[in-house]
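Structure record follows, encoded as structure tokens.
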Amino acid sequence: MPHEPIAPDPPALVLPIGPFWSSCGPADGPIRGRDNLPGCIGLHPVDPADASIPFRASWQCGIAYAVGRMADRRGPVVVYRLTLGKSELPGRWICVGRQFMELGEAAEYVGEGRNPPSPDHYGWEPAPY
């Protein structure tokens, strides 16, 4: 009795981890709530403003959906979730200088804009932790 060959399992889908770019938004800072951008923007694998990259290489590969805002001293920063096709990339992202950064990586940048804790008017300051 001949044995039928067992088909191997298909390889697991590996999502790219970036960097990802947007074709809209400020060129030098994060996208803020006051920028009046739509709730979803295009996601690109390379910087679409870079003229040295062929046009076809910079086509949109996904969508970034606005899911909330994060407080910042200079105005709220828009937080996005990124999708490639029907797959969602893990984590939350912000767009700084048209490049998406995962929220954990961008904490240093956004943290600079937060208001420092104000001391109590009796001279007591909150603990740093």
Side-chain angles (χ1 to χ4, degrees):
M1 173 164 129
H3 293 284
E4 293 184 23
I6 299 174
D9 291 334
L13 177 65
V14 178
L15 295 174
I17 57 173
F20 297 106
W21 300 83
S22 169
S23 58
C24 60
D28 61 348
I31 294 178
R32 298 185 185 279
R34 66 176 176 251
D35 291 332
N36 294 325
L37 292 177
C40 57
I41 56 179
L43 188 67
H44 299 268
V46 295
D47 185 2
D50 189 351
S52 67
I53 297 174
F55 178 72
R56 291 189 76 146
S58 66
W59 280 358
Q60 180 176 328
C61 65
I63 300 175
Y65 295 96
V67 293
R69 295 182 181 193
M70 185 173 58
D72 186 60
R73 177 176 53 125
R74 289 170 255 147
V77 176
V78 180
V79 177
Y80 292 93
R81 70 180 176 90
L82 305 184
T83 61
L84 295 170
K86 293 184 178 183
S87 300
E88 182 175 335
L89 294 176
R92 294 295 181 245
W93 304 72
I94 65 171
C95 187
V96 179
R98 295 190 182 134
Q99 182 178 3
F100 286 97
M101 303 172 78
E102 197 164 4
L103 207 49
E105 297 172 6
E108 294 176 10
Y109 173 81
V110 176
E112 295 173 3
R114 293 195 176 176
N115 292 326
S118 58
D120 189 310
H121 59 270
Y122 294 110
W124 178 81
E125 292 187 26
Y129 49 87

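In this chain, numbering begins with 1 at the start of the sequence shown.
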For the residue pair Gly25 and Leu37, what are the closest heavy atoms and their distance?
CA-CD1, 3.9 Å

Test side-chain hydrogen bond (donor to acceptor under 3.5 Å, both in side chains) applied to Arg81 - qualifying residues, sequence neighbours left out
Glu88

I need the minimum non-hydrogen distance between Gly33 and Val78, along with the two atoms involved.
N-CG2, 3.8 Å

Minimum heavy-atom distance between Glu102 and Gly91, given as atom pair plus value:
OE2-CA, 3.9 Å

Please list, chain by chain and in numerical order, all residues satisfying side-chain contact (heavy atoms from CB on, under 4.5 Å) with Ile41, sequence neighbours excluded.
Ser22, Cys24, Ile31, Pro38, Ala64, Tyr80, Phe100

Is Val79 reachable from Tyr65 through a run of hydrophobic residues whose side-chain heavy atoms are each under 4.5 Å from the next?
no

Which value, rounded to the nearest 0.5 Å, describes the distance between Gln60 atom CD and Phe20 atom CZ?
12.5 Å

Under the side-chain contact (heavy atoms from CB on, under 4.5 Å) test, which residues partner Pro76, sequence neighbours left out?
Arg69

What heavy-atom pair brings Pro30 and Asp35 nearest, and what distance separates the two atoms?
O-OD2, 3.8 Å

Are the side chain of Arg98 and the backbone N or O of Trp21 linked by a donor-acceptor pair below 3.5 Å?
no

Could you check if a side-chain atom of Leu43 sits within less than 4.5 angstrom of a side-chain atom of Ile63, using non-hydrogen atoms only?
no

Do side-chain atoms of Arg32 reach the backbone of Gly75 as a donor and acceptor pair under 3.5 angstrom?
yes

Can you tell me how far CG of Leu82 sits from CZ of Arg92, rounded to the nearest 0.5 angstrom?
9.0 Å

